[in-house]
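Following: one structure in structure tokens, then a few remarks.
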Amino acid sequence: MAKARFDLVATARSEMVRHGFQPDFPEGVQAQVRALGEVTSHVDLASQAIDLRNRPWSSIDNSSSTDLDQIEVAERVTDGIRLQIAIADVDSVVHPDSAIDVYASAEATSVYVPGHVFPMLPDELSSGITSLRPGHDRLAVVIDYVVNTQGQTLHSDVYRALVRNQAQLSYGRTGSWLEGRNAVPDAIRDSVEMQEQIKLQDEAAVLLRSARQRAGALQFDRVEAVPVLDDGQVVRIEARGKNRATQLIEELMIAANEAIAILLKDVPSIQRVVRSPERWPRIVQLAAGYGYQLPEQADAGALAGFLREQNEAHPGRYADLSLSVLKLMGPGEYVVLPPGETGLGHFGLATNDYTHSTAPNRRFADVVTQRLVKAFLAKTASPYGLENLQSIARNCTFKEDAARKVERTVQKCAAAFALKRRVGQSFRGIVTGVTPNGVFVRVPDPPIEGRLMRGERGLDVGDRIRVTLLSVDPEKGFIDFGR
């Protein structure tokens, strides 16, 4: 008898619909895409753009990514290291109120599940004519800033440009090269210029990271469970954490997003906010268990100091602690900032002004911000009013939360399938959630989360316990543990 196949993509599609997404593009969107055709002529719109195609631009992303939103280049200058971050000019192709725009505004985000992407924009755009893929001329919005030796950003500027990606790199290979564990990636092996400018990007990222830490930014050691598929079937779960390349892109994008938020201070804009932790008293209680006293009122600098101390003293158990604090922080959200008002801030990044602007192929909030930036640069009226922006912000927050639920459920389905043979085994775990729906626990090997079905009384986030895998249900994504 043939072995039954587990269709993870079909499960993901059902979850998408259940959480309010429309995973198939409507006919109006498809018709508009067909009308666009190959559309290379949008580059002819570059009369207002600077020609930067000869710069040694490169991208770093997941090895499977085709929806490339940004490319980077660095050079040493008198004041420090100059970074140019080019963001795909999605707005040059996706016009306001077009069929594609209406669909993207409703979906608000691409959703990534193992082996499949449900894109916010049709593949012909996000992986084609609006992707900054190598060897193609593309319009971009460039964020240009200098990082000095103290990790401060100077001389921020934003302008439109014509660019061409010279090298597509992956996080894994590039990170291991920067860390001295692997050879130069093939895409830049024959170019000393490319190698040097990427090393400069890394140097700037280290400076930015150090400065953010001094300001009280939180540093989390996140390990993700990545299902490995063979012919569409889950064969195992691997743990994947940050490396030097992921940190490089993270730091450069944070600085770019701060620059855009500050640029738009005098016009209505959407900011990305993480408020003070919802459960600060529990964080204080957790720290006390490590012999550390945090203040009664939420303090990012004090929390950062505690986390840094624990990471240095106990690196082996830091992943559990940082996961607990992350779970207690509460989710981020999009809010509208009226002109001239002070931002609510991003607690984790220790910054007052932060937005999302660097992923317009994947997030609608970034498309909106791009339009605001282009109107600001052109000195024309804002394309959005306050009420319109507030409606967009609410939907983007709602759909981002829905996307997390879809991704989490599908990850659990994949993990449940991979763990079928480990029912009855014992695991070290940490409590990650205590809700009206139950108590949830995460185990490190593989790094997956399930519900505690037995012995949950009296537990709270951050408690370390020993659990046994009781049962799994791949179709429903159920992973049940007991004490």
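Hydrogens, waters and symmetry mates play no part in the numbers below; they use all other heavy atoms, side chains included.
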Taking the side chain as everything from C-beta on, heavy atoms only, tell me whether [X] gets closer than 4.5 Å to [Y].
X	Y	value
R160	L139	yes
F220	L307	yes
F481	V443	yes
R173	W177	no
Q201	S58	yes
P268	Y384	no
L372	P383	yes
F427	V441	no

Set out, in order, the CA-CA distance, both residues' side-chain angles and the distance that settles side chain to side chain contact (heavy atoms under 4.5 Å, CB included) for L208 and L252, then state yes or no.
CA-CA 8 Å; L208 287 166; L252 268 54; 4.3 Å; yes
Working to the nearest 0.5 Å, report the span between [atom1] of [X] and [atom2] of [Y].
X	Y	atom1	atom2	result
F306	L286	CZ	CG	7.0 Å
I143	T358	CD1	OG1	7.0 Å
R282	S324	CZ	OG	8.0 Å
D401	E333	CG	CD	11.0 Å
N62	D67	CG	CG	9.5 Å
I479	F440	CD1	CZ	11.0 Å

With a 4.0 Å cut-off on N to O distance, would you call [X] and [Y] a salt bridge?
X	Y	answer
K327	E449	yes
R272	E400	yes
R18	E15	yes

Please verify the inter-ring angle class for Y354 with H346; under 30° counts as parallel, over 60° as perpendicular, anything in between as tilted.
perpendicular
One pair to check against side chain to side chain contact (heavy atoms under 4.5 Å, CB included): M329 and L218. What are the steps and the verdict?
CA-CA 11 Å; M329 287 277 294; L218 308 179; 3.8 Å; yes
Between the side chains of [X] and [Y], is a donor N or O closer than 3.5 angstrom to an acceptor N or O?
X	Y	value
Q411	R408	no
Q197	E193	no
S63	S170	no

For [X] and [Y], work out which heavy atoms get closest and say how close.
X	Y	answer
A217	A304	O-CB, 3.5 Å
Y112	S110	CE1-CB, 3.7 Å
A204	L83	CB-CD2, 3.6 Å
N257	S357	OD1-OG, 2.7 Å
Y292	G305	OH-C, 3.9 Å

Atom OH of residue position Y318 - does it have more than 12 heavy atoms of other residues, nucleotides or ligands inside 6.0 Å?
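Yes, the 6.0 Å shell around OH holds more than 12 heavy atoms from other groups.
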Going through the distances and angles, do R209 and Q219 end up as a side chain to side chain donor-acceptor pair (under 3.5 Å)?
CA-CA 9 Å; R209 184 180 177 88; Q219 303 296 322; 3.1 Å; yes
Within 45° cone of Y145 ring axis and under 6.0 Å: R82 NZ or CZ:
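No, a cation-pi geometry is absent between R82 and Y145.
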Applying the side chain to side chain contact (heavy atoms under 4.5 Å, CB included) criterion to L132, which one of I87, I71, D69, D61 satisfies it?
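The passing option is I71.
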Residue pair I392, Y334: steps toward the side chain to side chain contact (heavy atoms under 4.5 Å, CB included) verdict:
CA-CA 9 Å; I392 291 168; Y334 295 100; over 6 Å; no
Let's go through Q84 and Y159 carefully: what are the C-alpha distance in whole Å and the side-chain angles of both, what is the deciding distance for side chain to side chain contact (heavy atoms under 4.5 Å, CB included) to 0.1 Å, and is it a yes or a no?
CA-CA 10 Å; Q84 290 170 290; Y159 47 85; 2.9 Å; yes
